[in-house]
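We count ligands from 1, going down the list as the structure has it; atoms in each ligand are counted the same way. The first residue of the sequence shown is numbered 1, and numbering continues consecutively from there.
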Amino acid sequence: MMGPRPVVLSGPSGAGKSTLVKRLMQEYADVFGFSVSHTTRNPRAGEVDGKDYHFVCREEMEKGILADEFIEHAEFSGNLYGTSKKAVEVIRDHNQICILDLDIQGVRSMKRTTLNPLYLSIHPPSIEALEERLRGRKTESEESIQKRLAAARADLEISKEPGIFDAVIINDDLDEAYNKLKDVLSEEIQKVQASKKN
Ligand SMILES: Nc1nc2c(ncn2[C@@H]2O[C@H](COP(=O)(O)OP(=O)(O)O)[C@@H](O)[C@H]2O)c(=O)[nH]1
Ligand SMILES: Nc1ncnc2c1ncn2[C@@H]1O[C@H](COP(=O)(O)OP(=O)(O)O)[C@@H](O)[C@H]1O
């Protein structure tokens, strides 16, 4: 049986995707399930293995890719990231809306699958604000910040391609961005809530 329609959140690193997803998962714990990706990057302070990511070494990840365990994978800023088939299946089994946090390569790969998600792009109000947020987060080295800013400029250009995203949400004021996100997802949220009452 087809589950509810998944939701892909994309957009530059530092735009606020994780912040918005965490809020959504807090407010609608039984409606959404976060697709826990695999990555070869090191965990940040406070990140939990199996919750934020499955943190693996490159060798293990490459083995999984060869064994066809991933729906999609990409190299971002010197590390591998990927969505395993299992990560998505677990959420579908719970009849929850699967949320995926993907870079632009992941968006393109997902478009070649049968998942048919809703594609949302989260934008910062400006590149300057993005840089400020990345620095303020205190998780990245200077080299990593520069790589992320370069990727962000490319991302913001690509997201202008007609039809690539169903909606673009500018995360300037966090409450406003969150309300817009809930608005875009309201139909799917209502469907899942109604199905859980039966
Ligand atoms: N293609 C793909 N991209 C991912 C996946 N998981 C995370 N990403 C993207 O990888 C990039 C870097 O993520 P991360 O290192 O957590 O940094 P952050 O986005 O700044 O918090 C972001 O653009 C994410 O959207 C995945 O499973 N597949
Ligand atoms: N609307 C906002 N205004 C100011 N700071 C924000 C806003 N949204 C998120 N942030 C902060 O910006 C940083 C990057 O957000 P994060 O959710 O980690 O982005 P992403 O997951 O897209 O990389 C975090 O420190 C977060 O607290």
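- Phe76 CD2, 3.6 Å is the protein heavy atom nearest to atom 11 (C) of ligand 1.
- Under the 4.5 Å side-chain heavy-atom criterion for ILVMFWY residues, no single connected hydrophobic cluster contains both Val168 and Leu9.
- Residue, atom and distance of the protein heavy atom nearest to atom 9 (C) of ligand 1 are Asp103 N, 3.6 Å.
- Those atoms of ligand 2 with a heavy atom of Leu174 less than 4.0 angstrom away are 1 (N), 8 (N).
- Every heavy atom of Ala129 sits 4.0 Å or more from the atoms of ligand 2.
- Scanning all protein heavy atoms for the shortest distance to atom 19 (O) of ligand 2 gives Gly16 N, 3.0 Å.
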> Going through the distances and angles, do Asp175 and Lys180 end up as a side-chain contact (heavy atoms from CB on, under 4.5 Å)?
Replying inline: CA-CA 9 Å; Asp175 288 338; Lys180 175 91 193 288; over 6 Å; no

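- A salt bridge is absent between Arg137 and Glu132; no separation between the charged side-chain nitrogens and carboxylate oxygens falls under 4.0 Å.
- Using a 4.0 Å cut-off between charged nitrogen and carboxylate oxygen, Glu72 and Lys85 do not count as a salt-bridge pair.
- Taking atom 23 (O) of ligand 2 as the reference point, the nearest protein heavy-atom neighbour is Gly14 N, 2.7 Å.
- Looking at ligand 1, you won't find any N or O of Gln105 less than 3.5 Å from one of its N or O atoms.
- Atoms of ligand 1 found under 4.0 Å from any heavy atom of Ala74 (numbered from 1 in listed order, with element): 1 (N).
- Summarising the local packing, NZ of Lys196 is surrounded by more than 12 heavy atoms from other residues, nucleotides or ligands at distances under 6.0 Å.
- Looking only at protein heavy atoms, the nearest one to atom 24 (C) of ligand 1 is Asp101 OD1, 3.4 Å.
- In this structure, the protein non-hydrogen atom closest to atom 21 (O) of ligand 2 is Ser18 OG, 2.6 Å.
- Around CD of Glu161, the count of heavy atoms belonging to other residues, nucleotides or ligands within 6.0 Å exceeds 12.
- In the hydrophobic cluster analysis, where Ile, Leu, Val, Met, Phe, Trp and Tyr join through side-chain heavy atoms closer than 4.5 angstrom, Leu120 is grouped together with Ile97.
- Scanning the protein for heavy atoms near atom 17 (O) of ligand 2, the closest one is Thr19 OG1, 2.5 Å.
- Here Ala177 has no heavy atoms under 4.0 Å from ligand 2, in either its backbone or its side chain.
- With ligand atoms numbered from 1 in the order given, ligand 2 contributes 22 (O) to contacts under 4.0 Å with heavy atoms of Pro12.
- Between Phe55 and His38, the distance from one ring center to the other does not fall under 6.0 angstrom.
- Set against the non-hydrogen atoms of Gly106, the atoms of ligand 1 under 4.0 Å away are 1 (N).
- Protein heavy atom in closest approach to atom 27 (O) of ligand 1: Ser37 OG, 2.6 Å.
- When only interatomic distances are considered, the shortest N/O to N/O separation between His73 and ligand 1 does not fall below 3.5 Å.
- Under the 4.5 Å side-chain heavy-atom criterion for grouping Ile, Leu, Val, Met, Phe, Trp and Tyr, Ile99 is not connected to Val90 through any hydrophobic cluster.
- In this structure, atom 28 (N) of ligand 1 lies nearest to the protein heavy atom Glu72 OE2, 2.7 Å.
- Within ligand 1, the atoms closer than 4.0 Å to a non-hydrogen atom of Leu102 are 2 (C), 3 (N), 4 (C), 25 (O), 26 (C), 27 (O), 28 (N), numbered from 1 in the order shown.
- The closest protein non-hydrogen atom to atom 18 (O) of ligand 2 is Arg137 NH1, 2.8 Å.
- Residues Glu69 and Ser84 have side chains that never bring a donor and an acceptor to within less than 3.5 angstrom of each other.
- Under a 4.0 Å heavy-atom criterion, Glu140 is not in contact with ligand 1.
- Close approach of ligand 1 to Ser13 is summarised as follows: ligand atoms under 4.0 Å from at least one heavy atom of the residue are 18 (P), 19 (O), 20 (O).
- Listed by number with element, the atoms of ligand 1 under 4.0 angstrom from any heavy atom of Arg137 are 18 (P), 20 (O), 21 (O).
- Linking Ile, Leu, Val, Met, Phe, Trp and Tyr whenever their side-chain heavy atoms come within less than 4.5 Å puts Ile164 and Leu102 in one cluster.
- For atom 3 (N) of ligand 2, the closest non-hydrogen atom of the protein is Arg133 NH2, 3.3 Å.
- By the rule that hydrophobic residues join a cluster once side-chain heavy atoms approach within less than 4.5 Å of another member, Leu20 and Val7 end up as members of one cluster.
- Counting atoms of ligand 1 from 1 in the listed order, those under 4.0 Å from a heavy atom of Arg41 are 14 (P), 15 (O), 16 (O).
- Only one option out of Glu128, Arg133, Arg135 pairs with Glu131 in a side-chain contact (heavy atoms from CB on, under 4.5 Å); it is Arg135.
- A donor and an acceptor atom, one from each side chain of Ser37 and His54, are nowhere located under 3.5 Å apart.
- With a 4.0 Å cut-off on non-hydrogen atoms, Arg44 touches ligand 1 through its side chain and not its backbone.
- If you check each of Asp172, Asn171, Asp101, Leu134 against atom 8 (N) of ligand 2, the one with the closest non-hydrogen atom is Asn171.
- Residue His38 has no nitrogen or oxygen atom sitting less than 3.5 Å from a nitrogen or oxygen atom of ligand 1, judged on distance alone.
- At least one heavy atom of Ala15 sits closer than 4.0 Å to an atom of ligand 2.
- Side-chain contact of Tyr81 with Glu75: a donor-acceptor pair under 3.5 Å is absent, judged by distance alone.
- At least one test fails for Lys22 against the ring of Phe34: distance under 6.0 Å to the centre or angle within 45° of the axis.
- Among all non-hydrogen protein atoms, the one lying nearest atom 13 (O) of ligand 1 is Tyr53 OH, 3.4 Å.
- In the model, Thr39 has no side-chain atom that pairs as donor or acceptor with a side-chain atom of Asn79 under 3.5 Å.
- Near Thr83, with a cut-off below 4.0 Å to any heavy atom, the atoms of ligand 1 are 27 (O).
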